[in-house]
Amino acid sequence: MPDVVFSVDQAKSMRDQAVPGHNRWHPDIPPAVTVRPGQSIRVECREWTDGQIGNNDSANDVRDVDLTHAHMLSGPIYVEGAEPGDLLVVDILDLGPVPQEVGDAPGQGWGYTGIFAKHNGGGFLTDTFPDAYKAIWDFAGQKATSRHIPGVEYTGITHPGLFGTAPSAELLARWNARERALIATDPDRVPPLALPPLEESVLGGTASGDALSAIGRDGARTVPARENGGNHDIKNFTRGSRVFYPVHVPGALFSGGDLHFSQGDGEITFCGAIEMGGFIDFHVDLIKGGMETYGVTTNPILIPGNVEPRYSEFVTFIGIGVDHTSDTQLYNDATAAYRNACLNAVEYLKKFGYTGAQAYLLLGSAPIEGRVSGVVDIPNACCSLYLPTAIFDFDIKPSASGPVSADRGSCAVSS
């Protein structure tokens with residue numbers, strides 16, 4: 001049994017834990033615990049919004065979620081002997097929902113997928129779906145089903161959305177400078193181009209007073225992935241995976257959370273995974289001087305595990321780099337191409353009776369495969385989305401008889 005080094009009472013906010021976690025990246029957040037290289041550890045996690053989303057049939061909680069609290073991270077974990085320039089080697093031994101618990105917190109037998117409102121987070125298809133929607137998923141072993149998206153059952157690829165090491169003061173300053181410069185190009189954009197430091201709702205572990213004020217003033221928000229790792233949202237970062245994280249500060253100060261029961265490539269609804277609290281078991285080690293030895297300067301290296309559902313048949317949707325709403329040609333735009341692949345899949349699923357929002361929620365949470373298929377055939381980048389056919393209890397493949405439409409109910413909507 002791994003050593004439990006960070007424990008969470010799911011009935012309490014992260015702020016009220018015996019040792020609270022944090023929700024900003026900053027080198028001065030005090031370590032919650034010290035571990036040694038070669039140790040196997042268990043880290044317990046809260047759901048990323050700190051329990052703001054409920055198991056109900058309204059999406060008002062998704063619409064009104066306070067993102068200043070996100071993400072709630074467990075840690076930091078100080079690794080003995082870790083120095084700047086090393087690589088922190090992290091093996092995922094196991095992870096899952098809260099063990100043997102059913103309750104009100106995500107991860108206690110259930111999770112959720114949310115489409116965030118355009119004015120509050122947005123998502124990959126936010127111009128098409130500007131309002132908030134939600135689907136609740138019930139867990140049965142490794143499988144998930146939803147009363148809000150009937151006719152679907154699939155095996156989840158459980159994984160953490162977010163883990164990383166603390167930035168140095170110099171690296172943190174670089175993040176803030178370049179993200180503020182991006183925001184300045186269109187400061188009134190909705191949703192915003194990036195999220196600058198924010199003192200409101202800051203949580204800095206056991207820091208208080210002037211130290212906590214500094215964390216709020218300069219600490220980086222946790223939404224994007226950066227050089228330290230962070231919010232990668234890689235669905236194959238699951239059991240059996242090994243990650244090599246760059247170390248920027250003494251002790252590495254390893255933290256994370258945002259556990260997912262399942263997710264499609266891209267997590268396209270912004271809250272596109274099946275979000276949950278739970279546990280994750282790691283083995284930690286070090287490669288001294290590994291950053292220079294392996295040329296790791298801007299991002300971690302991941303060796304995915306071999307644990308994933310065995311889906312072998314897909315309906316694949318293609319997208320190209322064209323803005324079809326205005327018939328505008330774009331140049332090698334893979335983002336637009338993948339967006340079009342997603343929209344094509346949504347329109348297809350609507351023919352079987354799903355609403356657009358249900359289809360969007362499904363594509364964010366199911367183990368779809370997204371691929372950049374071509375970026376050399378100018379002017380059109382080409383991306384593809386592979387949707388497993390076996391997750392449906394009806395045939396979704398095209399045929400001469402046409403799609404069989406049925407009443408598929410409704411996801412949770414906002415009032």
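Every heavy atom of this structure was used, including side-chain atoms; hydrogens, water molecules and symmetry mates were not.
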* **Stepwise salt bridge (charged side-chain N to carboxylate O under 4.0 Å, His left out) test for Arg239 and Glu308** => CA-CA 9 Å; Arg239 287 169 290 161; Glu308 62 180 342; over 6 Å; no

* To do: For side chain to side chain contact (heavy atoms under 4.5 Å, CB included), just list the numbers for Tyr348 and Leu387, CA-CA rounded to whole Å, side-chain angles, deciding distance to a tenth of an Å, and then say yes or no.
  => CA-CA 11 Å; Tyr348 185 88; Leu387 178 64; 5.8 Å; no

* Intermediate values then yes/no, side chain to side chain donor-acceptor pair (under 3.5 Å), Ser384 and Ser373 -> CA-CA 6 Å; Ser384 47; Ser373 303; 2.7 Å; yes

* Start with the C-alpha gap between Val243 and Ile301, add the side-chain angles, then the distance that decides, and say whether side chain to side chain contact (heavy atoms under 4.5 Å, CB included) holds. => CA-CA 6 Å; Val243 190; Ile301 294 173; over 6 Å; no

* To do: Under the side chain to side chain contact (heavy atoms under 4.5 Å, CB included) rule, what do Asp285 and His283 come out as? Steps first, then yes or no, please.
  => CA-CA 7 Å; Asp285 216 330; His283 181 274; 4.2 Å; yes

* Asked: After noting the C-alpha distance and the side-chain angles of Leu162 and His232, does the key distance pass the side chain to side chain contact (heavy atoms under 4.5 Å, CB included) rule?
  -> CA-CA 6 Å; Leu162 194 167; His232 282 130; over 6 Å; no

* List the steps, then state whether side chain to side chain donor-acceptor pair (under 3.5 Å) holds for Thr222 with His71. => CA-CA 6 Å; Thr222 60; His71 295 77; 2.7 Å; yes

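Not a single side chain to side chain donor-acceptor pair (under 3.5 Å) links Arg217 to another residue, sequence neighbours left out. The side chain to side chain donor-acceptor pair (under 3.5 Å) test applied to Ser365 returns Tyr154, not counting sequence neighbours. In this structure, Tyr311 has no ring pair (Phe, Tyr, Trp, His ring centres under 6.0 Å) partners at least two apart in sequence or on a different chain. Here Phe261 pairs with Phe139 under the ring pair (Phe, Tyr, Trp, His ring centres under 6.0 Å) rule; sequence neighbours left out. Applying the side-chain contact (heavy atoms from CB on, under 4.5 Å) rule to Ser415 yields the partners Asn60, Arg63; only residues at least two apart in sequence or on another chain are considered.
Residues Ser58 and Asn56 bring no donor and acceptor atom of their side chains to less than 3.5 Å of each other. Looking at Asn380 and Gln329, their side chains do bring a donor and an acceptor atom within 3.5 Å of each other. Side-chain polar atoms of Asp66 and Gln52 form no donor-acceptor pair below 3.5 angstrom.
Dense packing is recorded around CZ of Arg189, with more than 12 heavy atoms of other residues, nucleotides or ligands lying under 6.0 Å away. Within a 6.0 Å sphere centred on CG of Asn306, other residues, nucleotides and ligands contribute 12 heavy atoms or fewer. Other residues, nucleotides and ligands place more than 12 heavy atoms under 6.0 Å from the CG atom of Asp3. Under a cut-off of 6.0 angstrom, the local environment of CG in Asp64 is crowded, with over 12 non-hydrogen atoms contributed by other residues, nucleotides or ligands. Residue Asp393 places its CG atom among more than 12 non-hydrogen atoms of other residues, nucleotides or ligands, all under 6.0 Å distant.
A 4.5 Å side-chain heavy-atom check between Thr113 and Trp137 finds at least one atom pair inside the cut-off. Contact check for Val249 versus Thr165: no side-chain heavy atoms found under the 4.5 Å cut-off. Contact check for Lys134 versus Asp61: side-chain heavy atoms found under the 4.5 Å cut-off. At a threshold of 4.5 Å between non-hydrogen side-chain atoms, the residues Arg408 and Tyr354 count as touching. Within the 4.5 Å cutoff, no side-chain heavy atoms of Ser13 are placed close to those of His69. Counting heavy atoms from C-beta on, the side chains of Tyr360 and Ile268 come closer than 4.5 Å. Leu385 places a side-chain heavy atom less than 4.5 Å from the side chain of Cys342. Between Ile53 and Val62 there is a side-chain heavy-atom pair separated by less than 4.5 Å.
Look at Arg15 and Asp50 and you find no salt bridge, because none of the NZ, NE, NH1 or NH2 atoms lies under 4.0 Å from a carboxylate O. For Asp218 and Arg24, the salt-bridge test fails: no basic side-chain N is under 4.0 Å from an acidic carboxylate O. A salt bridge links Arg226 and Glu179; the closest N-O separation between the charged side-chain nitrogens and carboxylate oxygens is under 4.0 Å.
Atoms OG and CD1, on Ser255 and Ile29 in that order, are 7.0 Å from each other to the nearest 0.5 Å. Rounded to the nearest 0.5 angstrom, Thr68 OG1 and Glu199 CD are separated by 12.5 Å. In this structure, CE in Met276 is found 10.0 Å from CG in Asp258, a value given to the nearest 0.5 Å. Remark: Leu253 CG to His22 NE2 distance equals 8.5 Å, nearest 0.5 Å. Remark: Glu170 CD to Trp175 CH2 distance equals 11.0 Å, nearest 0.5 Å. With values rounded to the nearest 0.5 angstrom, Leu93 atom CG is found 9.0 Å from Ile280 atom CD1.
Taking the six-membered ring for Trp, Phe237 and Phe163 have ring centres at least 6.0 Å apart.
The backbone N or O of Ile92 lies less than 3.5 Å from no partner atom in the side chain of Arg242, so there is not a single donor-acceptor pair.
The shortest non-hydrogen separation linking Gln358 to Ile149 is O-CD1, 3.7 Å. Closest approach of Gly103 and Trp110 over heavy atoms only: O-NE1, 2.9 Å. Of all heavy-atom pairs between Ser146 and Ile136, the closest is OG-O, 2.6 Å. In terms of heavy-atom proximity, Tyr78 sits nearest to Pro250 at CE1-O, 3.6 Å. Residues Ile183 and Pro196 approach most closely at CD1-CD, 3.6 Å, considering heavy atoms. Taking each heavy atom of Ala337 and Ala381 in turn, the nearest pair found is CB-O, 3.6 Å.
Partner of Leu259 under the side chain to side chain contact (heavy atoms under 4.5 Å, CB included) criterion, chosen from Ser74, Cys45, Pro97, Pro106: Cys45.
By the 30° and 60° cut-offs, the orientation of the rings of Phe394 relative to Phe352 is tilted.
Geometric assessment of Arg147 against the ring of Tyr112 yields a negative cation-pi assignment under the 6.0 Å and 45° thresholds. Geometric assessment of Arg221 against the ring of Trp25 yields a negative cation-pi assignment under the 6.0 Å and 45° thresholds. Figure legend: cation-pi geometry between Arg371 and Tyr386, with NZ or CZ positioned under 6.0 Å from the six-membered ring centre and within 45° of its axis.
Residue pairs satisfying the side chain to side chain donor-acceptor pair (under 3.5 Å) criterion with at least one member in residues 262-281, sequence neighbours excluded, are listed as follows: Arg42-Asp281, His159-Gln263, Lys235-Asp265, His260-Gln263, His260-Glu275.
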